[in-house]
**Q** 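Attaching a single structure in structure tokens format; questions to follow.
Owing to the predicted nature of the structure, the values given are computational and were not obtained by experimental measurement.
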Amino acid sequence: MHIQDSHWTSASAVAPTSVPGGANGRSVGDSSRSAPLRVDAQRNLEHVLRAAREVFGELGYGAPMEDVARRARVGVGTVYRRFPSKDVLVRRIAEEETARLTDQARTALGQEDEPWSALSRFLRTSVASGAGRLLPPQVLRVGVPEERDETRVPQQRSAADVPDLRLVEQRAAQGETLPADDSGAASLLEVVGRLVDRAREAGELRTDVTVADVLLVIATAAPSLPDAAQQAAASARLLDILLEGLRSRPA
């Protein structure tokens, strides 16, 4: 799992790319979602996003923009024209992957009546998609006491740099309107929390398992291996073992 990166800043948390202050409400410095693109420009954008997911998934968010450009088979200048800084690209990828995980969790809730089947379906789908390798550190820090947190990204110098997602989750549950940079993470936590609660209440999930544990399974059960078949087999085997570890056992 490669989620830490000295380039990650608090602005790179799960957040929409639009921020206040841009002309006509558009994002400042991010033109990737503004006017319609020409066919060739749209194709280049899709190549860059696909390459970014692959490169960051394999090497972590510390991978340089040059690696993304090389994988996309475009010049690095093309990447910077669409994403003026690496933080903007990282934020875009993290936002999309977190939204994808949220959708997968909602699908499992809606289509599986059995609590354990719903949780295991979500885990298998998420691991197979590889989205866990692209989760931002802010999501994986849920429930970690600040004074014991040794996973902080180097540029995150203080607790104020990163939203406390335990508080985010509580505020969302109370119906409070959240800032844009917290809402995506809060949605993921809320839906996964429902999966966890249902499985625990049914007596099928260990009582000490938390939302953070489930997200950690997603992040660690998708190893990046050079051979696609080997990677799929390794992921399936590892997930089977982890799922057995999550299940409750008769006393």
Side-chain angles (χ1 to χ4, degrees), residues 1 3 10 12-16 93-146 148-149 151-152 159 162-222 238-249:
M1 174 176 60
I3 60 170
S10 58
S12 300
V14 181
I93 297 299
E95 174 197 14
E96 291 182 350
E97 295 306 304
T98 301
R100 191 201 317 192
L101 283 175
T102 304
D103 288 342
Q104 290 168 349
R106 289 192 178 119
T107 297
L109 272 172
Q111 297 184 1
E112 295 289 345
D113 294 330
E114 295 297 325
W116 180 255
S117 296
L119 180 60
S120 60
R121 171 176 173 162
F122 167 63
L123 286 169
R124 292 187 187 282
T125 303
S126 299
V127 169
S129 74
R133 292 194 295 269
L134 295 164
L135 278 172
Q138 285 82 353
V139 172
L140 294 175
R141 290 178 64 250
V142 176
V144 177
E146 190 65 41
R148 295 179 58 191
D149 178 17
T151 64
R152 183 178 301 158
V162 181
D164 186 333
L165 295 187
R166 288 164 295 175
L167 298 179
V168 168
E169 193 173 21
Q170 293 170 9
R171 289 161 59 196
Q174 294 168 359
E176 182 177 342
T177 300
L178 297 172
D181 59 348
D182 289 350
S183 60
S187 295
L188 176 61
L189 296 177
E190 189 273 331
V191 182
V192 176
R194 288 162 60 192
L195 286 167
V196 169
D197 289 344
R198 286 180 58 197
R200 187 187 296 120
E201 290 167 2
E204 297 179 299
L205 182 69
R206 284 171 41 178
T207 58
D208 61 334
V209 172
T210 66
V211 173
D213 295 326
V214 171
L215 295 176
L216 187 59
V217 167
I218 295 171
T220 57
L238 179 56
L239 183 55
D240 284 341
I241 293 171
L242 293 173
L243 281 170
E244 283 301 307
L246 294 177
R247 296 203 75 163
S248 62
R249 290 289 179 268

**Q** Which value, rounded to the nearest 0.5 Å, describes the distance between S120 atom OG and L195 atom CG?
**A**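 Spacing of OG (S120) from CG (L195) equals 10.0 Å.
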**Q** To check you understand the geometry: which heavy-atom pair defines the closest contact between W116 and L246, and what is its length?
**A**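 In terms of heavy atoms, the two residues are closest at CH2-CB, 4.1 Å.
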**Q** Take L243 and L119 through the side-chain contact (heavy atoms from CB on, under 4.5 Å) test and state the conclusion after the steps.
**A** CA-CA 10 Å; L243 281 170; L119 180 60; 5.8 Å; no
**Q** Under the side chain to side chain contact (heavy atoms under 4.5 Å, CB included) rule, collect the residues that match up with A202, sequence neighbours excluded.
**A**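 With neighbours one apart ignored, the set is P115, E204.
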**Q** In Å, rounded to the nearest 0.5 Å, how long is the span from CD1 of I218 to CG of L134?
**A**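 Separation between the atoms: 12.5 Å.
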**Q** Apply side-chain contact (heavy atoms from CB on, under 4.5 Å) to the pair F122 and V214, showing each step before the final yes or no.
**A** CA-CA 10 Å; F122 167 63; V214 171; 4.2 Å; yes
**Q** With sequence neighbours excluded, tell me which residues meet salt bridge (charged side-chain N to carboxylate O under 4.0 Å, His left out) with R198.
**A**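 For R198 there are no salt bridge (charged side-chain N to carboxylate O under 4.0 Å, His left out) partners, ignoring immediate neighbours.
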**Q** Going by side-chain hydrogen bond (donor to acceptor under 3.5 Å, both in side chains), name the residues that satisfy it together with R121, two or more places apart in sequence or in a different chain.
**A**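 With neighbours one apart ignored, the set is Q111, E112.
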**Q** Looking at residues at least two apart in the chain, or sitting in another chain, which of them share a side-chain hydrogen bond (donor to acceptor under 3.5 Å, both in side chains) with D208?
**A**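 Listed in chain order: R206.
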**Q** Grab the two heavy atoms, one from V196 and one from V209, that are nearest each other, plus how far apart they are.
**A**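 Minimum heavy-atom separation between V196 and V209: CG1-O, 4.0 Å.
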**Q** Within this structure, what is the CG-OG1 distance for the pair D213 and T210, rounded to the nearest 0.5 Å?
**A**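 Those atoms lie 3.5 Å apart.
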**Q** Mind checking what makes salt bridge (charged side-chain N to carboxylate O under 4.0 Å, His left out) contact with E201, not counting sequence neighbours?
**A**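 Salt bridge (charged side-chain N to carboxylate O under 4.0 Å, His left out) check on E201 returns nothing, list empty.
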**Q** Check side-chain hydrogen bond (donor to acceptor under 3.5 Å, both in side chains) between D240 and all other residues, then give those that pass, not counting sequence neighbours.
**A**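 Once residues adjacent in sequence are excluded, the partners of D240 under the side-chain hydrogen bond (donor to acceptor under 3.5 Å, both in side chains) criterion are R124.
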**Q** Pairs of donor and acceptor atoms involving the side chains of residues 103-110, under 3.5 Å and at least two apart or interchain, shall be tabulated with distances.
**A**
unit_1, atom_1, unit_2, atom_2, d
Q104, OE1, S126, OG, 2.9
T107, OG1, D103, O, 3.0

**Q** Measuring only between side-chain heavy atoms, which start at C-beta, is L188 closer than 4.5 Å to V211?
**A**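 No; the side chains remain at least 4.5 Å from each other.
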**Q** Between atom CG of L101 and atom CG of L135, what is the distance when rounded to the nearest 0.5 Å?
**A**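 These two atoms lie 5.5 Å from each other.
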**Q** Would you call E97-R100 a salt bridge at under 4.0 Å N-O?
**A**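 Salt bridge between E97 and R100, a charged N being under 4.0 Å from a carboxylate O: yes.
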**Q** Can you see which heavy atom on V127 is nearest to which on A221, and at what distance?
**A**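 Residues V127 and A221, closest heavy atoms: CG1-O, 3.1 Å.
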